[in-house]
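One structure below.
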Amino acid sequence: MQLLAQDGINVSVINLRNNKGHVLISLFRECVGYPVEPEKAFRKAQVAISNKSASVVFSGLPAGNYSIAILHDENDDRKMNTNFFGIPKEGYGFSNNVMGSFGPPSCSRASFRHMANSVTAIIILTRYGW
């Protein structure tokens with residue numbers, strides 16, 4: 001189990017359906033790139049899975065509004081795999097555990113405030129399909 005940081009955002013991803021692959025976690029600041037441009041994420045992590053959960057600490061962050069998108073990349077191809085209709089085959093989730101209708105939720109619904117030199121704990125419930 002990972003120790004919690006003295007400051008930063010502690011992200012725990014739960015409800016993974018198996019221990020295959022990795023969890024890709026993208027931390028966005030002030031909605032830049034959220035969620036469809038992970039290359040614009042403020043910070044990113046690829047995390048190993050243990051007991052159908054994963055966690056990471058993003059430390060030393062400035063105060064601001066943040067949002068998180070996660071992908072359970074079961075086949076380690078670093079992308080969301082979908083079926084013929086565009087429905088995700090792999091797990092995903094967002095901060096505040098919000099869901100969108102026919103796509104990702106808005107950044108305003110997924111965003112949260114982090115204060116510098118403090119700890120913000122985020123638990124993301126992984127979902128599969130729509």
Side-chain angles (χ1 to χ4, degrees):
M1 178 177 220
Q2 188 172 4
L3 295 176
L4 297 180
Q6 296 299 317
D7 76 327
I9 298 174
N10 298 317
V11 182
S12 297
V13 179
I14 62 171
N15 199 44
L16 295 162
R17 68 177 162 199
N18 57 51
N19 293 323
K20 294 179 183 176
H22 291 85
V23 175
L24 305 180
I25 302 174
S26 298
L27 175 69
F28 300 91
R29 187 166 187 257
E30 306 300 340
C31 295
V32 175
Y34 171 89
V36 295
E37 296 178 289
E39 67 278 4
K40 292 184 179 179
F42 189 70
R43 300 257 180 96
K44 294 189 287 187
Q46 178 176 313
V47 184
I49 301 167
S50 177
N51 297 320
K52 299 181 182 179
S53 64
S55 62
V56 68
V57 176
F58 295 106
S59 59
L61 299 172
N65 291 314
Y66 291 88
S67 54
I68 299 170
I70 69 100
L71 166 64
H72 179 194
D73 188 14
E74 291 179 88
N75 62 1
D76 277 334
D77 67 353
R78 302 189 60 78
K79 65 180 182 179
M80 169 62 80
N81 298 130
T82 60
N83 68 16
F84 178 76
F85 300 104
I87 297 172
K89 291 181 178 179
E90 296 177 301
Y92 58 92
F94 304 94
S95 41
N96 298 331
N97 290 306
V98 294
M99 296 302 299
S101 301
F102 306 107
S106 68
C107 187
S108 63
R109 291 182 56 227
S111 69
F112 58 91
R113 183 87 181 144
H114 172 71
M115 302 304 295
N117 303 312
S118 68
V119 175
T120 303
I122 302 293
I123 297 173
I124 298 178
L125 178 68
T126 309
R127 299 185 194 307
Y128 294 86
W130 284 119

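No experiment lies behind these values; they were computed from the predicted model shown.
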Can you tell me how far CD of Glu30 sits from OG of Ser67, rounded to the nearest 0.5 angstrom? 9.0 Å
Applying side-chain hydrogen bond (donor to acceptor under 3.5 Å, both in side chains) as the test, list every pair that has at least one member in residues 88-104; sequence neighbours left out. none
Shared hydrophobic cluster for Met99 and Ile87 (ILVMFWY, side-chain gaps under 4.5 Å): yes
Heavy-atom donor-acceptor pair, Arg113 side chain to Ala63 backbone, under 3.5 Å: no
Do other residues, nucleotides or ligands put more than 12 heavy atoms under 6.0 Å from Asn18 CG? yes
Side chain Asp77, main chain Lys79, donor-acceptor under 3.5 Å: yes
Can you establish whether the number of heavy atoms outside Arg78 located under 6.0 Å from its atom CZ is more than 12? no
Output, in order, the C-alpha distance, side-chain angles, deciding distance and verdict of side-chain contact (heavy atoms from CB on, under 4.5 Å) for Leu61 and Tyr66. CA-CA 10 Å; Leu61 299 172; Tyr66 291 88; 3.7 Å; yes
Roughly how far, to the nearest 0.5 Å, is the CE atom of Met115 from the CG atom of Asp7? 12.5 Å
What side-chain donor-acceptor pairs closer than 3.5 Å can you find for residues 37-44, not counting sequence neighbours?
| from | atom 1 | to | atom 2 | distance (Å) |
| --- | --- | --- | --- | --- |
| Glu37 | OE2 | Lys40 | NZ | 3.3 |
| Arg43 | NH1 | Ser59 | O | 3.0 |

Holding to side chain to side chain contact (heavy atoms under 4.5 Å, CB included), I want the full list of residues that pass it with Ser50, two or more places apart in sequence or in another chain. none
Do the side chains of Tyr128 and Leu125 join up, straight or via other hydrophobic residues, at under 4.5 Å, putting them in one cluster? no
Exam field: side chain Asn19 to backbone Lys52, donor-acceptor pair closer than 3.5 Å: yes
Closest heavy-atom pair and its distance - Tyr34, Ser106: CE2-C, 3.8 Å
Hey, are His72 and Thr126 close enough side-chain-wise for a donor-acceptor pair under 3.5 Å? no
Given the rule that I, L, V, M, F, W and Y join up when any side-chain heavy atoms are under 4.5 Å apart, are Val47 and Ile49 in one cluster? yes
Once you round to the nearest 0.5 Å, how far does CG of Leu71 lie from CG of Asn81? 8.0 Å
What is the distance from atom CD1 of Ile68 to atom CD1 of Ile9, rounded to the nearest 0.5 Å? 5.5 Å
Considering non-hydrogen atoms only, spot the tightest contact between Phe94 and Pro35 and give its length. CE2-CB, 4.2 Å
So which heavy atom on Met80 is nearest to which on Pro88, and how close? SD-CB, 3.5 Å
same_hphob_cluster(Phe112, Val11) at 4.5 Å side-chain heavy-atom cutoff: yes
Are the side chains of Ile25 and Ile124 in contact, using a 4.5 Å heavy-atom criterion? no
Closest non-hydrogen atom pair between Arg109 and Gly100, with its separation: NH1-CA, 4.4 Å
